[in-house]
Structures are given as structure tokens and as C-alpha cells.
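Each chain gets a letter, A, B and so on, in the order the sequences are listed, and its residues count up from 1.
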Amino acid sequence: MKSSMTTLSRRALLGSAATIGAAAWFGSGPADADDTPRLTKAIPSNGEHIPAIGMGSWITFNVGDDAALRTERAAVLQTFFDRGGGMVDSSPMYGSSEAVIGYGLKTIPDTRSLFAASKVWTLLQSSGPDQMEESRALWGIERFDLMQIHNLLNWDGHIETLRADKAAGRIRYIGITTSHGRRHDEFEKVMHEPDLDFVQFTYNILDREAEDRLLPLAADRGLAVIANRPFRQNALIEHFAAHPLPSWAGEIDCANWAQFLLKFVISHPSVTCAIPATTRVDHMHENMGALEGRLPDASMREQMIRYVEAL
Amino acid sequence: MFPYDADALFAFLAQYNLALWPAQILALLMALGAILLVLRPRSGSGHIVGAILAASWLSSGAVYYLVYLSAIDFVSPLFGLLLIVQGLLMAWDGAIRGRLSFSFHRDWSGWAALALVLAALMYEPVIALLGAQDWLAVRVVGLAPAPTMVFTVGLLLLAERFALYLLVIPILWSISALALAWFLGIPADLVLPLAGIAAGVLIIWRRTRGVRV
């Protein structure tokens with residue numbers, strides 16, 4: 001755990017300013033029926049804007065064939081889109097999550113804002129295409145926006161496949177993932193590969209190791225960053241729930257701990273999108289509230305860190 | 001790190017039981033038969049009990065883990081293979097070579113063994129009766145690993161002789177089950193693995209000191 005924020009590079013700060021300026025801190029993001037402006041961020045490789053809060057599916061959408069639980073998750077997904085969500089992230093490793101996402105997508109009338117992100121997770125390069133085809137079928141989509149190499153498993157083999165898929169239009173972006181701060185050295189090495197668009201790793205208000213090297217490198221390489229485990233799989237929410245939000249949380253339009261923690265993550269200039277996961281509609285509403293209102297600046301981020309580390 | 005939560009687990013168990021019905025009746029009859037053969041041994045009892053235990057482990061490994069749970073748990077094939085190995089060991093040592101023999105003594109270890117065997121059959125139904133678990137999600141000995149493990153260790157506590165390696169996989173499985181119960185926040189699921197580990201350690205401790213258990 002770091003005691004203070006790493007100094008941000010000039011390029012990262014410029015990127016942040018450009019992102020926020022052009023991207024609708026208060027304006028140009030997608031809006032739902034109430035016309036509330038949503039915060040979006042730009043994918044560095046082509047400038048496309050996506051909502052800064054996405055949705056993860058690890059554990060939360062792995063409910064098998066149970067009809068009642070599938071219906072509950074479909075309602076969570078519906079809320080995600082109702083509140084301006086875009087990126088949905090999953091993996092073949094997540095059991096039935098992809099099938100449950102596909103079930104939910106079929107029940108939702110308007111999924112035009114979907115930014116579909118999954119992963120290839122298999123030891124053999126030769127079985128990657130079949131696995132990705134199965135994922136497309138489970139989601140019920142024709143192509144993924146983003147295909148990532150899960151935990152760098154056989155990354156040098158799969159990246160060849162993904163390059164060919166991108167060239168053929170079967171995917172739009174290529175990414176790599178890790179979590180829990182594992183294998184950062186190798187991850188950093190792979191981040192130098194050409195043709196990468198996205199990187200995904202763990203970043204939250206207490207797990208800030210990524211600020212040392214991965215986030216600055218992503219900015220330097222022009223890579224979009226997906227922050228996973230923004231709540232440390234709910235541990236942060238559970239830990240902080242007994243404590244009040246600071247009185248100044250209103251200055252950044254935070255009404256609950258979920259928004260406080262998410263706004264910290266997405267206010268990092270190099271972070272493109274955070275992907276909290278939940279099983280509950282009310283929690284999804286809380287999460288998506290982080291797409292609205294003001295974000296903390298650098299000094300406010302320092303203040304947020306000091307506050308939670310004192311709890 | 002486990003890829004599902006408690007709700008998903010119980011939903012899975014309910015669907016699993018529905019899919020296998022009425023195999024539960026056969027499994028319970030086999031378990032009751034094994035108990036009778038241990039309490040009233042006769043020629044060939046060890047072979048038959050070994051075969052019943054082997055079938056229970058093979059079923060839990062192949063059907064529970066490999067066929068069903070693998071839909072939501074990417075680690076389950078590994079557990080499935082481990083339990084199949086245990087089933088094959090039971091088949092080889094017990095059913096084929098006849099290296100299992102049992103006798104019930106009215107001493108504390110005999111009653112403890114009987115308590116374990118009954119717990120394997122009755123623990124989850126009682127939990128369901130108390131309203132703390134859905135009846136549909138009750139795990140049945142011979143078809144699910146937790147009651148199968150406790151049933152096996154309980155019977156081995158009554159065994160006159162058996163190879164200690166038959167305890168290795170049950171104890172390893174129990175440790176992983178403790179981790180799962182803790183991670184999923186299901187305190188009731190801690191009981192059977194803890195009982196199995198305690199009994200397994202007791203058997204090993206007694207055996208290494210040359211004392212009959």
C-alpha cells in the first residue's frame with residue numbers, strides 16, 4: 001500500500017485534461033431518459049468515448065441455469081444500461097457468466113450502448129478461436145468490441161490470433177489482463193507489444209501499486225486502462241460501511257461509499273473505465289451514480305486517500 | 001478464490017438434485033446397506049462396503065464435479081479427478097482386494113464413528129428441517145462430496161484394517177471444503193469437513209501409535 005499518490009506524468013495529465021475537456025465531465029457523454037450527463041473517457045488508440053463505469057461479472061453473474069437468479073441478474077443488467085452503462089466484461093473462466101449475460105441481453109430492448117468485452121483463456125493457441133466463437137454465441141452477439149488475453153495465459157500465441165481477428169473486423173480492440181497485482185513485471189513487458197489497445201489490472205483506493213509503473217506506462221503507450229476490483233470484491237465497502245462519508249464528499253457529488261471509491265478510481269487520468277460487479281439492482285444504481293457530477297482533482301484524491309487510510 | 005457465491009451454490013444443488021432424482025433413494029439405500037454390513041458383518045462384507053464407498057466417490061467425482069459443477073466452477077474438474085482417484089483406490093483396496101474389514105465396538109470410538117455416519121445421512125436434512133436450508137439443496141451421501149467424505153471417514157473409524165492412504169484425499173478435500181464454506185459465508189458447511197478432518201487425524205494418530213481405533 002502506498003502512502004501517497006505517485007506523481008503523474010505530464011503526458012498523463014495532458015491526456016486527462018483532454019479526456020475530461022472533450023469527454024463530457026458535464027456534457028458530451030451518453031444520457032439516459034432523464035438527460036443526465038454521463039462521464040465518458042476516451043480510448044487513446046482512436047479517441048472513441050465510453051462510459052467510465054462498466055460492469056464486471058466475476059462471481060456475480062455465475063448463477064448457472066437457475067431461472068430466478070438469471071432474472072435477477074437480467075434486472076441488474078437492465079439497470080446498468082438504464083443508467084448509461086456501456087462496457088460489460090466477462091471471461092470463459094467465469095463459469096456460466098457469459099451465458100447469463102447473453103440471457104440478460106436478450107431481455108433488454110435497447111443494448112446499443114453495449115461495449116462487449118470478454119477474454120480468451122486457454123492454454124492452446126489453436127483452441128482460442130473456438131473458445132471465442134463459443135463466447136460470441138453465449139453472449140448472442142456477432143462480434144466483441146474488446147477481446148483480452150486472460151491473465152496473460154499463452155499471450156504470445158493468442159495475440160497473433162487477436163491481431164488477425166482485429167484486421168478481419170472480428171474484434172475492435174485487443175487487451176491483456178491481470179488481477180490482484182500478480183505478474184506485474186511480465187505484464188509491463190507485454191504492454192510494449194504493438195497493437196494493444198487495452199490493459200486491465202487491479203486499481204483501487206488502497207491497492208495503488210499500479211500508480212508506480214503500469215498506469216504511467218499505459219499513458220506513455222497510449223493504452224486504455226480498465227480497473228478491476230475497484231472495491232476489492234466488496235471488501236472495501238464492507239470495511240468502510242461502518243464509517244461515515246467525509247463531510248466534503250458532497251463536493252465531488254458522492255452520496256455513498258461506492259461512488260466515493262469509484263470516483264477515486266476513474267479520476268486517475270490514465271484510467272479509462274472501472275468495472276465493479278454486483279448482484280443487486282440497488283447497488284448498480286449506486287455504482288452508476290459515479291458517472292454523474294464532479295470528479296476529484298489531484299489534491300482531492302490525496303485527501304480521499306488520507307481519509308480512508310485513517311479509518 | 002471461488003467463482004460463485006452461496007446463492008449460486010444452493011441453486012446449483014437444487015438443480016443437481018432434481019436432475020438426479022430418484023438416484024437419491026438408491027444412494028441412501030446403498031448407504032444403509034453399508035451400515036448394516038458394518039454393524040452385522042458377514043462373509044464378503046468388506047468387499048461390498050468397499051464397492052459402495054468406491055461407487056460413492058466415483059459418482060461424486062464424475063457426476064457432481066465433472067458433469068454438473070464444472071458449469072460454474074473451472075476448478076471442479078481437478079476435484080472430480082481427485083475424487084475419482086479416491087474411488088478407484090477404494091475399489092482396488094476394498095472391493096477387489098478385500099483389504100477392508102469392519103467391526104463395531106461399544107466404546108467411545110465406536111459411538112463416534114456411528115455419530116459420523118449418521119451425520120453424513122442426517123446433518124443436512126436436519127438443517128433443512130430447521131428451515132435453514134432448502135430441502136431441494138440437501139446434499140446426499142453417495143451423490144455429493146461432503147456427506148460421502150464424512151460417511152467414509154466414519155466407516156474407516158470402524159475398520160479393523162485399511163491402508164492409511166485412503167484418508168489422504170478425504171482430508172485434502174475437507175480442507176478445501178472448509179475454505180469454500182468460509183469464503184461463501186456458510187457456517188453450516190464448516191461442520192462436516194471439520195468432523196471429517198478431526199476423525200481422520202484421530203485415526204492417523206491412533207494408527208501411528210499402534211492403538212486400535
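- Within 6.0 Å of atom CD in A:E188, more than 12 heavy atoms from other residues, nucleotides or ligands are found, so the atom counts as buried in its surroundings.
- Of the atoms belonging to B:F12, not a single heavy atom falls under 4.5 Å from chain A.
- Evaluation of the side-chain hydrogen bond (donor to acceptor under 3.5 Å, both in side chains) rule for A:Y173 yields A:N46, A:E48 as partners, not counting sequence neighbours.
- Listed in order of number, the residues of residues 94-106 of chain A that approach chain B to under 4.5 Å between heavy atoms are A:G95, A:S96.
- By the neighbour-count criterion of 12 heavy atoms within 6.0 Å, atom CH2 of B:W135 is densely surrounded, having more than that number from other residues, nucleotides or ligands.
- Contacts from residues 56-76 of chain A to chain B, taken as heavy-atom pairs separated by less than 4.5 Å, involve A:W58, A:I59, A:N62, A:V63, A:G64, A:D65, A:D66, A:L69, A:R73 in sequence order.
- Listed by sequence position, the residues of residues 135-143 of chain A in contact with chain B number zero, using a 4.5 angstrom heavy-atom cutoff.
- Summarising the geometry of A:M93 relative to B:F74, their closest heavy-atom pair is O-CD2, 3.3 Å, with the distance given to 0.1 Å.
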